Amino acid sequence: MKRKIASLLKDTLDGLSTKGEFRGPTEVDLTRPRQDGHGDFASNVALAAAKAMGVAPRALAERIRAAIPPSRLIERVEVAGPGFLNFFVSAGAWRDIVPEILGQGDTFGYLPANGKRVLLEFVSANPNGPLHVGHGRGAAYGDSLARLMTSAGYTVEREYYVNDAGRQMDILALSVWARYMEACGQPVAFPANGYRGDYVHDIARHLKEAAGDSLIRPDDAPVTGDDIEAITDARIAHLKAALGPLYGTLHGTGLKAMLADIREDLEEFGVRYDRWYSERSLVESGAIKRALALLAAHGDLYEKDGAHWFRATRYGDEKDRVVVRENAVPTYFASDIAYHLEKYERGYDHLINIWGADHHGYIPRVKGAVTAMGRDPARLEILLVQFAILYRGGQRAQMSTRSGDFVTLRELRKEVGNDAARFFYVLRKSEQHMDFDLDLAKSRSNENPVFYVQYAHARIVSVFRQMRERGQTMAEPGASDLGLLTAGEELALLRALNQYTQVIEEAAETREPHQLAYYLRELASLLHAYYNAQAFLSAEDPLRQARLTLLLAVRQVLANGLMVLGVSAPEAM
RNA sequence: GCGCCCGUAGCUCAAUGGAUAGAGCAACGGCCUUCUAAGCCGUUGGUUGCAGGUUCGAUUCCUGUCGGGCGCGCCA
């Protein structure tokens with residue numbers, strides 16, 4: 001609808017321009033006014049152009065108004081305020097959306113494919129513990145964005161980058177080994193910075209069942225000083241030497257167990273990945289060497305203090321960054337450079353990374369490396385999801401994977417259900433710090449707005465259930481006379497239905513799923529008001545048919561919108 | 001200290017550079033012999049942290065300042 005009005009206005013302005021009666025912006029800016037009396041759409045062209053033309057805004061607006069040709073779309077156009085043009089759309093034009101929705105069904109709201117391939121990488125949490133509620137926000141946001149962009153015409157692939165190569169995984173292995181030794185009746189000192197969660201015990205038990213006592217070794221690593229990190233590194237090195245090839249079994253057991261847990265958790269949450277991309281595979285394929293060679297060829301690598309450095313300051317970063325350590329082991333950053341190069345080589349039109357806000361300082365170096373390798377950094381979009389600050393019993397709750405003191409995503413899902421959790425997460429825009437009240441989120445109360453939207457859907461289904469119970473029937477939707485829909489609530493609903501496609505498009509382009517969540521709440525609100533104000537089944541026949549047809553369209557849009565957010569549309573509550 | 005994000009009603013949050021800044025929850029008053037009351041209708045609630053600037057017009061853009069979060073590893 002907006003597009004139709006905009007083109008009508010644009011044609012008018014073009015006409016005036018050729019007659020020399022208008023000079024101004026060629027792009028037509030059309031907005032939806034907040035206030036009822038200001039029409040359905042408003043344009044500020046007269047305000048914007050008046051100064052340059054040296055005329056009064058209202059007078060110019062009046063001239064434009066007079067030049068707008070009559071159209072069945074428009075009931076009237078008013079000049080208001082300082083010089084706004086307010087368009088009032090005719091009821092008939094609004095009603096056209098109903099057959100369109102019913103004709104397209106589940107695919108209503110899908111924009112034509114735009115041929116663009118997008119890679120969306122999100123969550124990518126280290127597999128050294130279960131996902132917690134902080135990861136849940138990234139998961140809900142990323143998956144909703146993927147669905148949203150799919151609906152907006154993109155071809156989207158979801159990817160999870162598995163950090164299976166680093167020191168953190170060695171620390172998990174060491175932690176599992178310590179618990180394993182305990183389980184074998186040979187307790188050893190638990191690493192000071194090890195992972196203390198219960199899941200480590202579980203993995204250790206499974207390891208004992210599978211490997212018996214074959215991994216028992218004396219805990220006699222030479223330990224000196226009081227540097228916790230150094231002690232841990234020494235123990236890891238010692239354990240690797242003591243276990244030999246069996247270290248791979250230990251490491252692999254921890255990794256596999258955590259990955260399986262994360263994968264199952266996400267799938268139950270409605271998030272399915274197209275690819276789980278292993279960091280280790282980059283080491284093994286030589287991709288890291290290749291990426292570093294590219295940087296070197298570009299003159300952006302140098303040696304200092306026995307390490308290899310990327311000249312990140314050349315690309316706007318605060319300092320240069322190490323890519324190969326003194327001990328010849330590449331850093332995580334080196335893997336990431338190779339990973340991004342590989343993403344570019346796969347030929348996507350656009351790359352999106354969703355990161356936790358704590359990684360924002362990492363952006364300049366990654367973009368810098370990409371630029372240095374001759375790739376266009378503009379094609380890499382990094383979206384940050386702010387932390388959720390957790391409150392439990394009115395107190396801030398600490399979240400630490402190390403200590404094992406955290407609320408898992410699985411626990412939250414079990415308490416509130418997937419629907420409530422997903423909706424709750426995407427109701428806040430991602431860059432907003434979010435206060436997550438666990439007691440509120442876990443209480444299955446009507447304070448959770450997802451029920452409000454789902455109830456609207458269930459209510460409509462229920463009307464049709466009642467209809468059948470009363471022995472009434474509904475004719476083909478196309479046969480009803482929608483012209484009978486003249487009540488205020490009906491026009492409000494029709495207007496809202498006309499907005500849906502626009503909401504999808506804007507939410508996708510701005511990467512803001514919360515826009516859709518708010519829209520659905522608004523649509524649900526209009527439905528509830530309609531429900532309370534008008535009778536459907538007891539209305540006279542032609543009117544009843546028209547109203548039921550409208551309800552079908554509303555139900556369809558609610559269902560489609562909820563689907564994009566990964567939330568179910570229940571038939572009954 | 002430097003950098004990034006945020007600051008809007010009692011609480012949690014919206015608001016595409018536009019007109020009188022909106023919802024939900026909380027509080028208060030109404031609405032179930034008729035399609036689900038997880039609902040509806042109404043009332044109360046604001047110096048958009050503060051001070052400047054740009055603009056016909058600023059919650060939105062710019063500068064400064066205060067407050068909160070995060071980052072500034074040869075961790076990932």
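Quick caveat, the model's predicted, so the values are computed rather than measured. Letters go in sequence order (proteins before strands), and every chain restarts at 1.
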Atom pairs, N/O to N/O, protein against nucleotides 11-13 of chain B, distance under 3.5 Å?
from: B:U12; atom 1: OP1; to: A:Asp435; atom 2: OD2; distance (Å): 3.1
from: B:U12; atom 1: O2'; to: A:Arg428; atom 2: NH2; distance (Å): 2.0
from: B:C13; atom 1: OP1; to: A:His433; atom 2: O; distance (Å): 3.4
from: B:C13; atom 1: OP1; to: A:Asp435; atom 2: N; distance (Å): 2.4
from: B:C13; atom 1: O2'; to: A:Tyr518; atom 2: OH; distance (Å): 2.4

Tabulated below should be each protein N or O lying under 3.5 Å from an N or O of nucleotides 37-45 of chain B; please produce it.
from: B:A37; atom 1: OP2; to: A:Arg459; atom 2: NH2; distance (Å): 2.4
from: B:G39; atom 1: O2'; to: A:Arg459; atom 2: NH1; distance (Å): 2.7
from: B:G39; atom 1: O2'; to: A:Asn532; atom 2: ND2; distance (Å): 3.1
from: B:G39; atom 1: N2; to: A:Asn532; atom 2: OD1; distance (Å): 3.4
from: B:C40; atom 1: OP1; to: A:Tyr452; atom 2: OH; distance (Å): 2.3
from: B:C40; atom 1: O4'; to: A:Asn532; atom 2: ND2; distance (Å): 2.9

Just the atom pairs and distances: protein N or O near nucleotides 54-62 of chain B's N or O, under 3.5 Å.
from: B:C56; atom 1: OP1; to: A:Lys51; atom 2: NZ; distance (Å): 2.0

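Of the P atoms belonging to B:U12 and B:G69, the separation is 15 Å, rounded to the nearest Å. A distance of about 38 Å separates the C1' atoms of B:A27 and B:C61, rounded to the whole Å. Nucleotides B:C31 and B:A37 have their C1' atoms positioned 9 Å apart, rounded to a whole Å. Here, B:C41 and B:A23 have their P atoms 11 Å apart, quoted to the whole Å. Going from the P atom of B:U8 to that of B:U59 covers 15 Å, rounded to whole Å. Rounded to whole Å, the separation between the C1' atoms of B:G49 and B:U44 comes to 24 Å. Rounded to a whole angstrom, the distance from the P atom of B:G64 to that of B:C5 is 14 Å. Remark: the separation of the C1' atoms in B:U33 and B:A38 is 23 Å, to the nearest Å.
The nearest heavy atom of RNA chain B to A:Ala535 and to A:Leu30 marks one nucleotide each, and the one closer to the 5' end goes with A:Leu30. Each of A:Ala357 and A:Phe464 was assigned the nucleotide of RNA chain B with the nearest heavy atom; the assignment lying further toward the 5' end belongs to A:Phe464.
Taken together, the paired segments of RNA chain B that extend over three or more consecutive Watson-Crick or G-U pairs, each closer than 3.5 Å at both contacts, are B:1-7 with B:66-72, B:10-13 with B:22-25, B:27-31 with B:39-43, B:49-53 with B:61-65.
With rounding to the nearest 0.5 Å, the separation of CG in A:Leu295 from CZ in A:Arg311 is 11.5 Å. Taken from CG in A:Asn86 to OG1 in A:Thr31, the straight-line distance is 8.5 Å, to the nearest 0.5 Å. Note that CG of A:Asn353 and NE2 of A:His359 are 11.0 Å apart. Values are rounded to the nearest 0.5 Å.
A donor atom on one side chain and an acceptor atom on the other are not found under 3.5 Å apart for A:His514 and A:Arg428. A donor atom on one side chain and an acceptor atom on the other are found under 3.5 Å apart for A:Tyr195 and A:Gln168.
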I would like to know whether A:Tyr332 and A:Tyr362 meet side-chain contact (heavy atoms from CB on, under 4.5 Å); could you show each step before the answer?
-> CA-CA 11 Å; A:Tyr332 170 81; A:Tyr362 199 73; 3.4 Å; yes

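With its glycosidic angle more than 90° from 0, B:C6 adopts the anti conformation.
With sequence neighbours excluded, the residues satisfying side-chain contact (heavy atoms from CB on, under 4.5 Å) with A:Thr549 are A:Val98, A:Leu102, A:Met474, A:Pro477, A:Ser480, A:Leu482. Under the rule for a side-chain contact (heavy atoms from CB on, under 4.5 Å), the partners of A:Leu491 that lie at least two apart in sequence or sit in another chain are A:Ala91, A:Leu494, A:Arg495.
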